[in-house]
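What follows is a single structure, written as structure tokens, with notes after it.
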Amino acid sequence: RQYQNRPGGGGERTDGERVSYGFAPLAGLNFTFKELGKGSLGATMRLNTNTAYDLATSSRNIVEVSTSELSITASYSRRGFEIPFFGLSLNNDIDISASYSMARNSRKSYEISKLELNAPGTPLEGNTRTTLEPRIRYVLSSRVNASVYYRYTKIAPDDFGSRIPGTTTNEAGLDIHI
């Protein structure tokens with residue numbers, strides 16, 4: 001609730017109201033599989049949702065802001081295997097993971113005078129963000145590890161437009177810690 005407190009007997013004046021609700025996660029699944037290749041395989045899936053309604057008393061509209069996101073992650077880990085390296089036999093670890101997420105954001109405006117008629121809201125803007133990231137991390141010892149990754153991110157505006165133009169970003173990297 002947004003309000004003003006008016007000194008001198010003016011009392012309190014409400015400028016706006018906000019009602020929001022969300023579920024994080026609305027649904028979620030965790031999978032752990034039997035040992036595979038002397039390592040562990042797992043996956044998670046999450047569905048989050050959040051919706052907010054804003055009413056400004058100076059306006060005749062209610063603005064709905066909604067976000068929903070689906071994320072999926074799969075991972076494989078193997079610990080303590082040996083690979084001869086320059087004549088040394090060290091215990092090595094490897095982690096392989098892939099994550100995917102898709103988030104949809106939208107804004108709609110509802111006229112207060114038409115709420116009784118169940119009139120559909122007027123779309124204002126929205127976009128969909130998609131991210132895909134595979135990653136491989138290799139641990140040679142407690143002090144030496146490396147990871148390589150690729151990240152694809154795409155932002156696509158809805159048919160009704162968006163303040164953010166559509167973009168696609170490709171990133172790749174190599175992290176080495178010694």
Heavy-atom count check: over 12 atoms from other residues, nucleotides or ligands less than 6.0 Å from Met102 CE? no

In this structure, are over 12 heavy atoms from other groups packed under 6.0 Å from Arg129 atom CZ?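 It does not: Arg129 CZ has 12 such atoms or fewer within range.
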
Polar side chain donor-acceptor pair, Asn105 to Thr67, under 3.5 angstrom: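 Side chains of Asn105 and Thr67: pair found under 3.5 Å.
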
Regarding Tyr138 and Asn92, do their side chains bring together a donor and an acceptor under 3.5 Å, going by distance alone? yes

For [X] against [Y], the heavy-atom pair lying closest together:
{"X": "Pro25", "Y": "Asn48", "answer": "CA-OD1, 3.1 Å"}
{"X": "Arg18", "Y": "Asp54", "answer": "NE-OD1, 2.5 Å"}
{"X": "Gly121", "Y": "Pro123", "answer": "O-CD, 3.4 Å"}
{"X": "Tyr110", "Y": "Glu64", "answer": "OH-OE1, 3.5 Å"}
{"X": "Arg46", "Y": "Gly28", "answer": "NH1-CA, 3.6 Å"}

Is there a path of hydrophobic side-chain contacts, each under 4.5 Å between heavy atoms of I/L/V/M/F/W/Y residues, joining [Y] to [X]?
{"X": "Leu55", "Y": "Val19", "answer": "no"}
{"X": "Val144", "Y": "Val148", "answer": "yes"}
{"X": "Leu174", "Y": "Val139", "answer": "no"}

Report the C-alpha distance between Asp175 and Tyr149 in whole Å, list the side-chain angles of each, state the deciding distance to 0.1 Å, and finish with yes or no for side-chain hydrogen bond (donor to acceptor under 3.5 Å, both in side chains). CA-CA 9 Å; Asp175 295 327; Tyr149 71 93; 5.6 Å; no

Approximate separation, where rounding is to 0.5 Å, of [X] [atom1] and [Y] [atom2]:
{"X": "Ile94", "Y": "Ser77", "atom1": "CD1", "atom2": "OG", "value": "9.5 Å"}
{"X": "Ser40", "Y": "Tyr76", "atom1": "OG", "atom2": "OH", "value": "7.5 Å"}
{"X": "Leu26", "Y": "Asn50", "atom1": "CG", "atom2": "CG", "value": "11.5 Å"}
{"X": "Thr153", "Y": "Ile155", "atom1": "OG1", "atom2": "CD1", "value": "7.5 Å"}
{"X": "Ser99", "Y": "Glu133", "atom1": "OG", "atom2": "CD", "value": "5.0 Å"}
{"X": "Ile96", "Y": "Arg78", "atom1": "CD1", "atom2": "CZ", "value": "10.5 Å"}

Pair Arg104 + Asp158, salt bridge at N-O below 4.0 Å: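 Yes, this pair counts.
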
Basic-acidic side-chain contact under 4.0 Å: Arg79, Asp95: yes

For Ser66 and Ser106: C-alpha separation, side-chain torsions, deciding distance, then whether side-chain hydrogen bond (donor to acceptor under 3.5 Å, both in side chains) applies. CA-CA 5 Å; Ser66 66; Ser106 67; 2.9 Å; yes

Quick one, Ser71 and Met45 - any side-chain contact, counting heavy atoms below 4.5 Å? no

